[in-house]
Peer 1: 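Sharing a structure below in structure tokens format, with a few things to ask.
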Amino acid sequence: MSGIFDTRIEFLKGVGPQKAELLNKELNIFSYGDLLQHYPFRYEDRTQFFKIRELRDDLENVQVIARIKSVELVGTGGKKRLVAQVFDDTGEMEMTWFKGIQWVQKKLPVGAAYIFFGKPAQYGRKWSMAHPEMEPVTAANEKRNNFQPVYSTTEKLKARFLDSKGISKILEQLVPLVYSQIPETLSPEILHQYQLIGKAEAVRQIHFPSSPELLHRARKRLKFEEFFYLQLRLLLMKVARTEKFRGQILANTDLLTDFYKNHIPFELTNAQKRVIRESFADMKSGKQMNRLIQGDVGSGKTMVAFICMLIAISSGAQACLMAPTEILANQHYEGLKEYAEMMGLKIALLTGSVKKSARRIIHEELLSGELKILIGTHALLEDVVQFQNLGLAIVDEQHRFGVAQRAKLWAKNKEFIPHVLVMTATPIPRTLAMTLYGDLDVSVIDELPAGRKPISTVHRYDKDRLKVFGFINQEIQKGRQVYIVYPLIEESETLDLKNLMDGFESIARAFPQYHLSIVHGGMKAEDKDFEMQRFIKGETQIMVATTVIEVGVNVPNASVMIIENAERFGLSQLHQLRGRVGRGAEQSYCILMSKYELSKDSRIRLETMVRTTDGFEIADVDLRLRGPGDLMGTQQSGITDLLIADLSKDAPILTLARDAAQLLLANDPELQRPENTAILRQVKQQKKTAMNWSRIS
Ligand code: ADP
Ligand code: MG
């Protein structure tokens with residue numbers, strides 16, 4: 001918004017320089033436009049009245065119409081309070097006041113009817129409200145029809161009469177003043193097709209709803225708009241990039257054919273085949289590939305990665321794979337080495353712990369083109385690592401990497417930006433994927449290799465530990481291996497570490513006949529690796545670890561995952577951990593250990609894990625419990641600076657908005673048609689004001 005919307009807030013009647021300064025500081029409101037977009041975060045429903053019998057624990061503030069039966073002062077000194085017994089035709093309840101008693105007392109004549117507004121609470125069998133708002137019942141207010149907006153504000157603002165009501169008052173000045181100048185930002189087609197109300201009306205209704213229906217439509221319209229421009233921006237970025245960056249044409253399949261014919265150890269799943277086809281189509285298209293491969297744990301992403309590498313190498317290019325930790329890089333290396341050697345391809349591992357002399361050889365062979373596949377950690381990103389012709393860069397477990405690092409990979413080939421595959425096992429709900437990765441193409445491996453038995457998951461309390469130990473013993477007797485995982489978070493690191501060590505000792509005492517490995521973040525990389533290798537080789541039967549084993553680690557013979565203090569883990573973490581088992585032919589088990597007392601959220605998390613192994617279902621629950629910001633970490637939080645739309649709740653609107661944006665660009669890619677001028681203007685405007693999107697993608 002520009003023009004009048006840039007007017008500084010202090011020029012608004014009823015604001016003035018002092019309040020303006022506070023609004024600047026406390027709420028980042030500088031201009032008329034900012035104030036207009038300070039949308040209420042909820043509404044108090046003053047349209048509905050509750051009967052006393054209808055009150056429930058889970059209700060927020062509600063209205064009750066009741067008559068006063070008696071009023072009395074109870075208690076003495078600090079505990080003195082005023083209690084009014086009130087009633088309607090369904091029952092009786094209490095209204096209580098601890099402060100302002102004398103003043104309230106005068107307003108409470110026995111027999112009078114009032115509208116009381118507050119949060120109901122139950123003590124014993126009796127309902128009560130503390131410090132309710134109240135007003136006498138009149139013919140008018142009994143039937144009124146309004147939703148009162150509630151604005152976020154701060155203590156400092158409240159002290160200057162800018163509480164929620166105060167903010168509403170200044171908006172009462174502003175909205176009529178600018179109403180006729182609020183520009184429409186969507187095209188007539190879109191308004192019509194999606195049955196959206198106009199922008200100006202939406203802004204008015206959002207602050208001063210005249211009915212629940214109109215409020216609903218106003219919110220829908222503004223959410224739609226917000227999602228629409230977010231999606232449009234992402235799609236435009238994608239278009240710009242596809243046009244700007246040519247891709248190396250990688251179309252030769254000789255190696256692939258050889259591999260399929262002579263070496264592949266198992267039949268690919270249909271999902272794997274499909275994703276390979278999608279990637280191959282990109283790689284031979286002449287355009288640079290930017291593809292996200294989502295595949296639940298165990299879906300076989302590594303094989304897909306290897307086959308894409310073969311395509312690149314067949315066409316004379318090199319490939320690299322970057323993993324977030326040394327353990328993972330190691331494991332990828334071990335896994336891929338076997339395949340690469342079958343194919344006579346040179347492969348190397350580059351991590352922080354590779355010796356200088358070995359590094360030098362890697363650097364040389366990369367430059368000469370002799371080394372075809374490089375696996376590693378961040379060490380790959382260093383400037384000294386130069387390829388003869390890097391054709392494909394694969395990033396595993398993307399959520400651990402910053403976007404800037406993705407960009408660094410791009411710079412590894414001066415002539416053609418390498419094709420990029422991002423692989424993630426974090427099932428991202430569709431809504432989030434659309435937004436976070438709106439600029440990437442997405443492939444999903446939505447099928448597990450045949451013959452996998454679903455992991456059986458149970459929840460056990462700490463008191464059942466002996467039984468659990470018995471079960472561990474029984475499984476090891478059958479020749480299996482067991483993970484026991486402890487939480488370790490930075491904030492309570494010392495305590496957690498002690499917990500882990502205590503656990504380790506008690507397990508060592510309980511199972512003197514077995515060998516144990518231990519791995520945690522505080523250990524040196526080579527020690528971790530040593531312990532890990534012992535477990536992989538089957539020299540140890542029990543692996544006691546923190547979440548460092550969370551991603552990617554693959555030991556098919558390990559079939560039991562015990563998670564200690566499971567209530568402290570997030571859902572996606574639990575899912576990742578569980579994914580470490582169930583990789584072989586044996587029936588696998590996941591046992592979630594927790595204390596007896598659990599918060600509501602913890603209980604939902606554990607119940608969800610027991611109920612399902614579907615990563616997407618789990619991700620959806622997670623999104624609902626945690627909200628989107630948290631799910632993505634701080635890195636990308638800028639993307640979700642949404643004013644009114646909510647990624648976890650407004651998925652249907654997001655889908656509509658994305659469709660609309662796609663359709664628009666399909667019909668008018670340059671936004672040149674007259675009916676789309678408003679949209680073009682808005683896009684340009686946002687480009688100026690919004691942060692620099694191209695930098696972070
Ligand atoms: P993730 O997607 O979690 O990275 P992996 O690539 O580690 O999964 O694969 C998990 C296990 O499944 C590995 O042992 C792998 O060899 C095996 N695997 C992958 N694809 C298939 C398939 N099509 N059929 C049978 N086993 C497979
Ligand atoms: Mg993997």
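Computed from a predicted model, the values in this text were never measured in an experiment. The first residue in the sequence is number 1, and the count goes up from there. For ligands, and for the atoms within them, numbers begin at 1 and follow the listed sequence.
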Peer 1: Could you list which atoms of ligand 1 come closer than 4.0 Å to a heavy atom of L268?
Peer 2: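 Contacts of ligand 1 toward L268, numbered from 1: 23 (N).
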Peer 1: Any nitrogen or oxygen of Y339 lying under 3.5 Å from a nitrogen or oxygen in ligand 1? Just yes or no.
Peer 2: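 Checking ligand 1 against Y339, no N or O pair falls under 3.5 Å apart.
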Peer 1: Which bit of Q272 is near ligand 1, meaning a heavy atom under 4.0 Å away: side chain, backbone, both or neither?
Peer 2: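 It is the side chain that touches ligand 1; the backbone stays farther off.
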Peer 1: One residue to check: T269. Relative to ligand 1, which of side chain, backbone, both or neither has a non-hydrogen atom less than 4.0 Å away?
Peer 2: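 Near ligand 1, T269 shows its backbone as well as its side chain.
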Peer 1: In this structure, which one of E278, R277, R274, Q294 forms a side-chain hydrogen bond (donor to acceptor under 3.5 Å, both in side chains) with S443?
Peer 2: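 That would be E278; it is the only one of E278, R277, R274, Q294 passing the side-chain hydrogen bond (donor to acceptor under 3.5 Å, both in side chains) with S443.
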Peer 1: Could you name each residue pair satisfying salt bridge (charged side-chain N to carboxylate O under 4.0 Å, His left out) that touches residues 306-317, not counting sequence neighbours?
Peer 2: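 Listed once each, the pairs would be none.
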Peer 1: Looking at CD1 of I307 and CE of M309, how far apart are the two atoms once the value is rounded to the nearest 0.5 Å?
Peer 2: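 Answer rounded to 0.5 Å: 11.5 Å.
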Peer 1: For ligand 1, which is the ligand I care about here, please tell me if P449 has any N or O atom under 3.5 Å from one of the ligand's N or O atoms.
Peer 2: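 No, there is no polar N/O contact under 3.5 Å.
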Peer 1: Just grab all the ring pair (Phe, Tyr, Trp, His ring centres under 6.0 Å) pairs involving residues 269-312, residues at least two apart or on different chains.
Peer 2: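 Qualifying pairs: F259-F306, F306-Y339.
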Peer 1: Would you check whether S299 reaches within less than 4.0 Å of ligand 1, judged by its heavy atoms?
Peer 2: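 S299: in contact with ligand 1 (<4.0 Å).
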Peer 1: Any N or O of P556 that comes nearer than 3.5 Å to an N or O of ligand 1?
Peer 2: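 Min N/O separation from ligand 1 is not below 3.5 Å for P556.
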Peer 1: Start with the C-alpha distance between R605 and S602, add both sets of side-chain angles, then the distance that settles side chain to side chain donor-acceptor pair (under 3.5 Å), and finish with yes or no.
Peer 2: CA-CA 5 Å; R605 285 198 297 269; S602 299; 3.2 Å; yes
Peer 1: Would you mind running through ligand 1 and noting each atom that sits below 4.0 Å from a heavy atom of T302?
Peer 2: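 Per the distance check, 4 (O), 5 (P), 6 (O), 7 (O).
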Peer 1: R568 side chain to L488 main-chain N or O, any donor-acceptor pair under 3.5 Å?
Peer 2: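 Side chain of R568 to backbone of L488, a donor-acceptor pair under 3.5 Å: no, none is there.
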Peer 1: Identify, by atom number and element, the atoms of ligand 1 in contact range of E267, meaning under 4.0 Å from any of its heavy atoms.
Peer 2: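 Answer, ordered by atom number: 22 (C), 23 (N), 24 (N).
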Peer 1: With a 6.0 Å cut-off on the ring centroids, do F416 and F245 count as close?
Peer 2: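 No, ring centres 6.0 Å or more apart.
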